[in-house]
Amino acid sequence: MRLLLLDKKIVFLTKHLHQITVVAEALRSLMFPLNWLQVYIPVCPDRMANFVRAPMPFVLGFSTEHFDPKHPSLPDDVFVVDLDNDRIY
């Protein structure tokens, strides 16, 4: 929740894509009366993985099958939330 309120770059990962939308929408609901006005793509296609290098805050969701949360080319200011292992990188 703190990451959203501070306008950070957040990537949700899981092998069950339906979970990403549920979690992302729940967090958006908890922000009420505030709104998330940044980029919001809860289930992002794998071919758009380069969006993690965007200069603005975002919420993106990817399948763990095609996205490595510890990849060295991942920018340092991106927070990766692994929903399967309950970890934040």
Side-chain angles (χ1 to χ4, degrees):
M1 186 68 188
R2 183 183 318 164
L3 297 175
L4 282 175
L5 293 174
L6 293 174
D7 280 343
K8 298 297 183 182
K9 300 175 183 181
I10 306 166
V11 173
F12 289 105
L13 292 180
T14 183
K15 54 186 163 190
H16 307 288
L17 290 178
H18 67 278
Q19 283 183 339
I20 296 172
T21 303
V22 171
V23 170
E25 285 297 318
L27 289 173
R28 279 185 35 171
S29 295
L30 289 172
M31 287 182 65
F32 183 80
L34 304 174
N35 290 319
W36 178 259
L37 300 176
Q38 310 299 336
V39 176
Y40 178 76
I41 310 173
V43 180
C44 193
D46 297 327
R47 67 179 180 273
M48 297 171 64
N50 61 349
F51 277 26
V52 298
R53 293 182 184 82
M56 73 289 269
F58 54 74
V59 172
L60 301 176
F62 292 100
S63 169
T64 53
E65 296 173 7
H66 305 286
F67 195 95
D68 180 12
K70 297 180 183 177
H71 195 277
S73 70
L74 192 64
D76 292 335
D77 60 344
V78 174
F79 292 88
V80 178
V81 179
D82 186 344
L83 298 175
D84 295 331
N85 298 312
D86 295 328
R87 293 186 181 265
I88 299 177
Y89 302 101

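Nothing fancy with the numbering, it's 1 onward along the sequence.
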*Of all the heavy-atom pairs spanning Tyr40 and Ala24, show the shortest one and how long it is.*
OH-CB, 3.4 Å
*Qualifying residue for side-chain contact (heavy atoms from CB on, under 4.5 Å) with Val59, from Val39, Ile41, Leu4, Ile20*: Leu4
*Heavy-atom closest contact (Asp7 atom, Gln38 atom, distance)*: OD2-NE2, 3.8 Å
*Could you state whether Val43 and Ile10 fall into the same hydrophobic cluster, counting links through intermediate Ile, Leu, Val, Met, Phe, Trp or Tyr residues with side-chain heavy atoms under 4.5 angstrom apart?*
yes
*Between CG on residue Leu6 and CE on residue Met1, distance to nearest 0.5 Å*: 10.5 Å
*Do Leu5 and Phe58 belong together in a cluster built from hydrophobic side chains that touch within less than 4.5 Å?*
no
*CZ-CD1 distance between Phe12 and Ile88, expressed to the nearest 0.5 angstrom*: 8.5 Å
_Can you pull out every side-chain hydrogen bond (donor to acceptor under 3.5 Å, both in side chains) where at least one residue sits in residues 77-86? Sequence neighbours excluded, please._
Lys9-Asp77, Thr14-Asp84, Asp82-Asn85
*ILVMFWY cluster, Leu3 and Tyr89 together (side-chain gap under 4.5 Å)*: no
*Consider only side-chain heavy atoms of I, L, V, M, F, W and Y, link residues closer than 4.5 Å, and tell whether Met56 and Phe62 are in one cluster.*
yes
_For a quick test of reading the model, state the closest non-hydrogen atom pair linking Arg28 to Trp36 and the distance between them._
CG-CB, 4.5 Å
*Considering non-hydrogen atoms only, spot the tightest contact between Asn50 and Arg47 and give its length.*
OD1-O, 4.3 Å
*Val11 and its side-chain contact (heavy atoms from CB on, under 4.5 Å) partner, picked from Val81, Leu74, Val52*: Val52
*What are the two closest non-hydrogen atoms of Ser63 and Leu13, and how far apart are they?*
O-CD2, 4.4 Å
